Protein chains: 2
Amino acid sequence: MPKIVDAEARRHDVVQAVFRIIASDGLERASLREVADEADLAVGSVRHYFASSDELLVFSFGAVIDRLAGRLETALASVEGAAPESPEQHNAVLNLLGQFLPLDEELAVDACVWMAFRHAARIKPVLAAEAERSHRTVAAVVGRLIMILNPGEADAQQNLVTEAERLLATMDGLCMHALLQPEWMTAEMCSDVLTAHLRSLRTAAASR
Amino acid sequence: MPKIVDAEARRHDVVQAVFRIIASDGLERASLREVADEADLAVGSVRHYFASSDELLVFSFGAVIDRLAGRLETALASVEGAAPESPEQHNAVLNLLGQFLPLDEELAVDACVWMAFRHAARIKPVLAAEAERSHRTVAAVVGRLIMILNPGEADAQQNLVTEAERLLATMDGLCMHALLQPEWMTAEMCSDVLTAHLRSLRTAAASR
DNA sequence: TCGTTTTTAGCACGAACGTGCTTCAACACC
DNA sequence: GGTGTTGAAGCACGTTCGTGCTAAAAACGA
């Protein structure tokens with residue numbers, strides 16, 4: 001019968017090549033030829049697994065979303081397992097929010113790719129559905145996090161939404177700055193900003 | 001002598017065409033041919049004013065930075081002219097921060113273009129210098145704003161830097177979301193988030 | 001050993017890109 | 001009115017892109 005190749009693993013390899021190209025040269029350089037070279041394959045081989053360039057990009061977008069979502073779910077479980085107001089919970093929250101930031105090489109690649117696809121989705125309609133899913137997924141996690149940090153505020157649902165969007169915006173801004181101005185936005189500065197934001201969350205909750 | 005054409009006005013027209021293309025189709029579509037078409041010129045004419053594609057892009061990046069910086073300086077003067085803690089000051093601050101957001105058509109174009117160039121600068125070295133200038137300029141304004149809102153904190157300079165970066169990150173995140181997920185991040189949500197952030201600034205200052 | 005089927009490799013076409021270079025038109029000055 | 005400088009326009013070349021299509025290569029059952 002056929003030559004046996006683990007198709008799923010191959011697709012994963014190709015997607016990894018896409019990630020590396022986006023991180024180093026930008027999404028617009030992630031052409032079939034570049035991807036094939038990076039993955040040590042021929043263009044025809046890549047096209048055997050992905051019918052078109054668009055399909056490859058959409059699949060890659062979905063892959064990075066799934067990776068991030070998986071990390072967030074794991075981190076959220078840690079937060080839920082920690083005692084409220086405890087230092088363990090604080091560290092768990094910092095760890096969760098750190099999943100958005102380019103704190104190491106692997107996270108940096110994911111952050112680059114995630115940002116690139118989301119911005120590209122504004123222009124390319126094929127990416128719109130995944131961008132929507134990306135936003136919903138992340139917003140759900142951050143929303144649950146806000147609920148954990150602001151217990152017993154069943155009435156002020158408006159504030160929960162606002163605070164969730166505020167935290168989400170801050171995280172995206174931090175990620176942007178860490179990617180675009182790494183000299184200014186160092187890991188320590190990220191940590192300082194996050195700590196300040198979490199403190200502001202607590203005092204805001206207490207003052208209501 | 002030569003045919004008299006207001007070269008500066010022509011360059012401005014071309015840059016406006018670049019802005020429109022970036023806002024509607026993305027920076028990668030801002031080729032010489034597209035720009036020339038949009039500006040109702042021939043490719044050769046555009047190249048008469050801008051020696052190369054890179055020069056056109058760098059000039060356009062600088063133009064959007066200057067536009068934003070001008071609006072920010074004007075708005076900052078209003079903030080400085082208002083009485084501390086007054087509603088007028090609050091509105092002036094909201095107005096200043098609103099200059100970052102795509103609250104109307106013109107602001108939306110600027111926001112798109114600004115974001116696109118900053119992200120492109122991560123990849124294209126020719127844009128790096130302007131990206132650096134962009135960050136320094138905006139950070140200076142936001143830093144002064146934080147100093148105005150947190151008077152008499154000469155000791156805690158660390159906190160000022162952290163709070164400035166935090167506000168900057170939040171603004172960039174808000175801008176991103178308003179551009180990428182306009183259904184979720186409406187103008188009202190932007191206003192709510194900003195108000196919450198300003199409240200958190202005040203309570204944080206009071207608690208120290 | 002021989003097919004059969006998956007995998008890999010490659011060619012060819014049209015489109016779009018930046019850019020070097022040439023050509024035409026227009027206008028202010030002598 | 002002639003003339004020379006400058007704006008406007010366009011051609012041509014090499015590159016890169018996506019994609020339809022064909023053909024070789026490889027691996028396993030018969």
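As the structure is a prediction and not an experimental result, all values here were calculated from the model. Order of the sequence lines fixes the chain letters, A, B, ..., with proteins taken first and strands second; residue numbering starts at 1 for each chain.
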(message) For A/V43 and A/H48, find the nucleotide of DNA chain C closest to each by heavy atoms; which residue's nucleotide sits nearer the 5' end?
(response) A/H48
(request) Would you mind reading off the distance between B/R33 atom CZ and D/dC11 atom P, rounded to a whole angstrom? (result) 11 Å
(message) Heavy-atom count check: over 12 atoms from other residues, nucleotides or ligands less than 6.0 Å from B/E188 CD?
(response) no
(request) Using atom NZ of A/K124 as one end and atom P of D/dC17 as the other, report the distance to the nearest whole Å. (result) 13 Å
(request) Round to the nearest Å and state the distance from B/E28 atom CD to D/dG18 atom P. (result) 13 Å
(request) Just say parallel, tilted or perpendicular for the rings of B/F117 and B/F61, cut-offs at 30° and 60°. (result) parallel
(request) Salt-bridge test for A/K124 and B/E28: reply yes if a basic N is under 4.0 Å from a carboxylate O, no otherwise. (result) no
(request) Look at A/R47 and D/dC21 and indicate whether a side-chain polar atom (N or O) is within less than 4.0 Å of OP1 or OP2. (result) no
(message) Any base atoms under 4.0 Å from A/E34, or only sugar-phosphate, or nothing? Heavy atoms, all strands.
(response) sugar-phosphate
(message) Less than 4.0 angstrom between a side-chain N/O of A/Y49 and OP1 or OP2 of C/dT6, yes or no?
(response) no
(message) Whether A/S53 contacts D/dG18 is assessed here as follows: a side-chain N or O lying under 4.0 Å from the phosphate OP1 or OP2. Is that the case?
(response) yes
(message) Take a 6.0 Å sphere around CD of A/E105 and say whether it holds more than 12 heavy atoms from other residues, nucleotides or ligands.
(response) no
(message) Please confirm whether the shortest side-chain N or O distance from A/S31 to OP1 or OP2 of D/dT16 is below 4.0 Å.
(response) no
(message) Using whole Å, what does the distance between atom P of nucleotide D/dG10 and atom CG of B/L41 come to?
(response) 11 Å
(message) By nearest heavy atom, map A/G44 and A/L32 onto DNA chain D; which one lands nearer the 5' end?
(response) A/L32
(request) Provide, to the nearest angstrom, the distance between the CG atom belonging to A/D54 and the P atom belonging to D/dT19. (result) 6 Å
(request) Consider the side chain of B/S45, meaning its heavy atoms from C-beta on, and name the nucleotide among D/dT19, D/dA9, C/dG18 that approaches it most closely. (result) D/dA9
(request) Could you tell me whether A/E163 and A/R166 have a side-chain N and a carboxylate O separated by less than 4.0 Å? (result) yes
(request) Whole angstrom is fine here: how far is it from CZ in A/F50 over to P in D/dG20? (result) 17 Å
